[in-house]
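The structure appears below as structure tokens.
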Amino acid sequence: MSTEPDSAAEGIDWRSESSNVEMSRRDQLSELYEQKIRVPAVVAWSDDRTRLGILILSVYLFMALVDVLGLWRDPSPNQADRFLRPFENMQYPLGTTNSGVDLLALIIDSTPFILLMVLAGGVWATTLAVAVGTLSGYKGGTVDTVITTISDFFMAIPGLPLVIVLAIALSPENPILLGVVLTINYWAGLGRSIRSQVLSIREASYVEASRTMGTSTPRIIIKDVLPNIMPYVMVNFVLAARYTIFAAVGLYFIGVLPYSGQNWGVTLSNAYYQGGLFSMQALHWLLVPIIAIVGLAFGLILLSQGMDRIFNPRVRTRLTGESESVTEDTDASTTEMI
Amino acid sequence: MATDSSSSVSDHVVSRGTVEDPIFEITDTSVTYDGETRVLEDVNVSIDRHEILGIVGESGSGKSMFASALLDAIPDPGVLTGDIRYHPPDGPPVDLLGLTDEELRQFRWEEVSMVFQGAMSSFNPTMKIGAHFEETLKAHDKRVSEGLEFARELLENLYLEPERVLDSYPHELSGGMQQRALIALSMVLDPEVLVMDEPTAALDLLMQRSILTLLDRLQRKYDLTIVFITHDLPLVASLADRMAIIYAFQFAEIGPRDEIIGNAAHPYTRALLNATPNVDAPLDEMQPIEGEGPAPVSVPSGCRFEPRCPLATEECRTTDPPLAAVDRDRTTHRSACHHPATAREEIQLNFDEANDELESASPVEPSEPAVETRAEQTSETPLLSLDDVAVHFTEEQGLTERFTKDPTVVRAVDGVSLDIHEQDLVCLLGESGCGKTTLGKTLIGLQRPTDGSIEYRGQDIWEAKDGDGEIPYDEIRSALQIIHQDPGSALNPNRRIADILSESLRHTHPNIGRNERRRRMHSLLERIGMAPAEEFLDRYPHQLSGGEKQRVALARALLMNPDAILADEAISAVDVSLRIEIMDLMLELQSEFETSFLFVSHDLSNARYFAEHGDGRIAVMYLGEIVEIGSAERLIHDPRHPYTEVLRWATPDLELDSMGAGDPPLREVDVPDPIDPPSGCRFHTRCPVAREACREQHPDLRRIDDGDGRVACFREDPNHEYWDSEPVDGAVEQPEEFTGN
Ligand code: SF4
Ligand code: SF4
């Protein structure tokens, strides 16, 4: 049977010599936009929980923006009456502290710091874990043995004391350094579970097919391995970020971490020691930072639940209005794995 | 006329009249989901006491539902309606749907027992096999010691060593052993009926057939009634007394085995018979059935088979044909078709003619060594050349074992030499665990041999990989491609078909633009029958069917412009009715593309289809060695190695005379452990004609004097001391004398 060039092919069929028509830049960009931005956005927005998560997180981003642009006053003592209740005076909507500092100003002032720290913690923990886990899972052999031994060592060190010692030794005031210190050995456990997932993906037929084609190892890792562990990685990124806030607040609270200005943890600690827990007068002082902390954690969790949908091709095709799946299996959700 | 009265009798009455002593009577039985989706519709069948009823259907035809209905075990939220009556050997009939939960629990296993596919999931991996037997006996208030005694007897009847098996964990047994242990477990309470749903589908052919012969014996010994459900028509045909064909949630045809095979009246049955790759059928007549069975929501209103039926008429479109007697005077054979007579006339069964042809062509005559000329006497450098290759795997060891034990070495491939030429076609055939996949991967340079060498056009592949070769490694790498067994994992689930195929094009045409790339993929997809190509390109793998995924995998390999492609059991996961289509496609593309193909298979009829169509060779492997190699023609009609004969025996066959004939020509059902292969000829532990000499000496592959190919057996050498030594225990002098044990 002869090959019929298909009507739209304009003479090019699957075996003809290559032509020199390069792909236009525009085409590439529009394809990139479609695949990497529009489709994930549609999928993420379609889920109620994720939508709520995104909204909550945008509030925090907005606060950070307000601070960076200087749209709200900076916190300073005696800028208002002491112990104003929330909504008592709309100039200070969240009330004031015992020294007359505007609470809203306090919260807003430290938002960029907290967000940077959280981001640094999450990025550091997951990137290192992914790098280590994929390397040892995909390479195997001696590399694997060495990496596994090192990560075993790190897992054996109790986390909190190590962080405390480091915090005291380094006195990190830079939010990024602080994020890294707080999640210093978070990667070990995560790297382990990523390694075991990579191990099984490495054996999949499609990876072998890519190897057979002579595709380079980095490209196999980027195209075949990573996308398949991405949902798991994203969920863990969020978990690591949440861990970072809680750890930071905890350490500020017990006074291990150095502070120059006030932030959510410091505010919380001050409120507590000034009797916020026992007097109704100071209750809001305690509550406001707590709400700020819990809200951020909650937003992150909601977002993480949407993450595995973004990377699930079944959900993707269903939502972007493409033809229905042939096999209607239940979606394997990665949140169940953890 | 006497028949006048019977023809007016309604079908339901006919159905009751067909068997004399029914053990099951199933009347107007349906299974419904969500109140409307019917996955089994108005079934009226009776099952005779002590018969073996074979039920055949494609995947998704409702055959498993029927199995579950017999135990009133429909998975939630399905609803079972109708009337299922069970007649115990003594006592009044039981209305299955009226039983309480407790009665039902006793009924299952004690009266009717079920064996599923995949023994691995039926056993608890943390419990020994023996414990499973005990649990079952206790749960049904039976005496454990007596029950275990019976279990040992059963296991022995299934050719297992009772003590060893009872004392093992499931993973310590091979798949075939597990499945047999599961059969013993299901029979330990001495049930009347055994319902088996694809019990052997995960095993290779030889094991399937061996289990079937054992089942046949068990059935006679313990007076069982067996309902055997499968997609594999020829397999069950060797065992069944009666057969039924299920199509789209209803019985399409039912009747005595010989009637169904030799004189089927339903177009679907006849098409199914013709679509089965079959050792005896002339090759050009095997035909795929076009289209697919309907989904439960879109069952046609008239005859269910109408959209795919070549004989459909107006009547078929409007009226659903009842399951009625085909010939007026014989009520045992019933079919749901308006035009049974036309079907018999119009749709010829291909294996009928085959029988005639076979008789005229004398098989023993030495065939022209056509293959020989091409494969062995060409002077040019072969495309791929294996020289005395061995692949041994060392099993992972724990730290303590490393000091105390010698490493366990699995000898997957041992001492294999083989040349593959340009545009050659070789099928590697053997049981699972014989090293055929490992050998295949060694051939395409994916597996590094532990000993010996592999050359591509005279260049050692592994030397090239280490950087000192004349042909660059990249070139070798892209010249040798693979298609995997499981279409499900052959494609990255996260990439669209376009991206998957682009990957090949990146290697062959690194600089082309997006439009050109798409056009190339487009034209290839259309060529391999995936239209509309535009749409397929934008899909993800989960949106394709198994057959389509396999085509994409083929396309991906082809876009690399390879010299050789390894197809690793590439069609065994595809539905039977589609296999021929895919095999044909591969063969067509082979000649169009001028590539060599290496097929790995456990199924002689598939291997034969390839080898004969593509004018290639079949290499039979046993425990890591090639024991016989030659053209498909010679191998089928004149097998020289006793093992090839076994494989020939295991290949299902639709010839009525030879059906159900005898035991496997083997002394042992199970393959020995490749960690410690037998000395001498590796086949001597199972060979029916082994003699003392075979225990000590190892036969080499030698050229066959009066035929093409080579074989590794002493019987080929008339002067070997084999002929003077004594047969080993259980073996006989001549293969014809062997009757099994
Ligand atoms: S009833 Fe008609 S459509 Fe159905 S199988 Fe018979 S001939 Fe074909
Ligand atoms: S050499 Fe002996 S044991 Fe081996 S196949 Fe031949 S007869 Fe059987």
Side-chain angles (χ1 to χ4, degrees), chain A residues 1-24 27-28 31 35 201 203-216 219-220 223-228 230-231 311-314 316-318 322-329 331-332, chain B residues 444-446 473-474 477-478 480-486 488-496 499-500 503-504 506-517 519-524 526-527 533-535 538-545 548 553 555-561 588 592-593:
Chain A
M1 208 178 126
S2 72
T3 3
E4 286 122 350
D6 106 75
S7 52
E10 290 160 31
I12 296 178
D13 84 359
W14 42 300
R15 283 185 295 181
S16 42
E17 289 300 306
S18 15
S19 75
N20 297 318
V21 200
E22 293 275 334
M23 182 172 180
S24 80
D27 269 1
Q28 264 174 349
E31 197 179 16
Q35 293 297 316
I201 293 174
E203 295 305 316
S205 304
Y206 59 84
V207 174
E208 188 172 58
S210 295
R211 260 202 303 263
T212 316
M213 290 194 290
T215 308
S216 66
R219 192 173 164 88
I220 293 183
K223 293 285 176 179
D224 288 338
V225 178
L226 284 186
N228 287 298
M230 230 25 201
F311 290 99
N312 186 333
R314 289 172 199 273
R316 241 189 222 217
T317 41
R318 201 155 53 225
E322 294 176 36
S323 55
E324 271 294 304
S325 319
V326 183
T327 39
E328 274 296 330
D329 307 358
D331 301 340
Chain B
I444 59 164
L446 281 183
Y473 180 69
D474 283 351
R477 187 60 283 144
S478 54
L480 308 172
Q481 291 303 309
I482 187 170
I483 303 172
H484 286 93
Q485 168 170 21
D486 173 16
S489 83
L491 308 176
N492 185 344
N494 276 303
R495 305 187 80 184
R496 290 166 192 269
D499 297 332
I500 290 172
E503 202 59 42
S504 307
R506 277 187 70 243
H507 290 277
T508 45
H509 305 278
N511 294 320
I512 56 175
R514 173 171 187 268
N515 287 334
E516 187 184 336
R517 222 183 303 148
R519 273 185 223 134
R520 280 170 192 274
M521 297 189 274
H522 192 127
S523 78
L524 179 55
E526 297 217 321
R527 169 66 191 86
E534 236 359 91
E535 222 172 87
D538 284 326
R539 292 204 182 155
Y540 283 99
H542 72 267
Q543 295 169 302
L544 306 185
S545 70
E548 284 164 348
R556 173 174 61 188
L558 286 173
L559 283 174
M560 294 294 294
N561 269 327
E588 264 170 43
E592 215 171 281
F593 246 99

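Quick caveat: nothing in here was measured; it's all calculated off a predicted structure. A, B, ... follow the sequence lines: proteins, then strands. Residue 1 opens every chain.
Using a 4.5 Å cut-off between heavy atoms, Leu491(B) touches chain A through its backbone atoms (N, CA, C, O) alone. Asn492(B) touches chain A through backbone and side chain together, each having a heavy atom under 4.5 Å away.
Residues that satisfy the salt bridge (charged side-chain N to carboxylate O under 4.0 Å, His left out) test with Glu503(B), not counting sequence neighbours, are Arg219(A), Arg495(B), Arg506(B). Scored by the side-chain hydrogen bond (donor to acceptor under 3.5 Å, both in side chains) test, Ser210(A) finds Asp224(A) as partners (sequence neighbours excluded).
A heavy-atom distance below 4.5 Å is not found between the side chains of Gln543(B) and Glu535(B). Side-chain contact check for Ser504(B) versus Met213(A): some heavy-atom pair is nearer than 4.5 Å.
Considering only heavy-atom pairs separated by less than 4.5 Å from chain A, the leading option among Gln481(B), Met560(B), Glu534(B) is Gln481(B).
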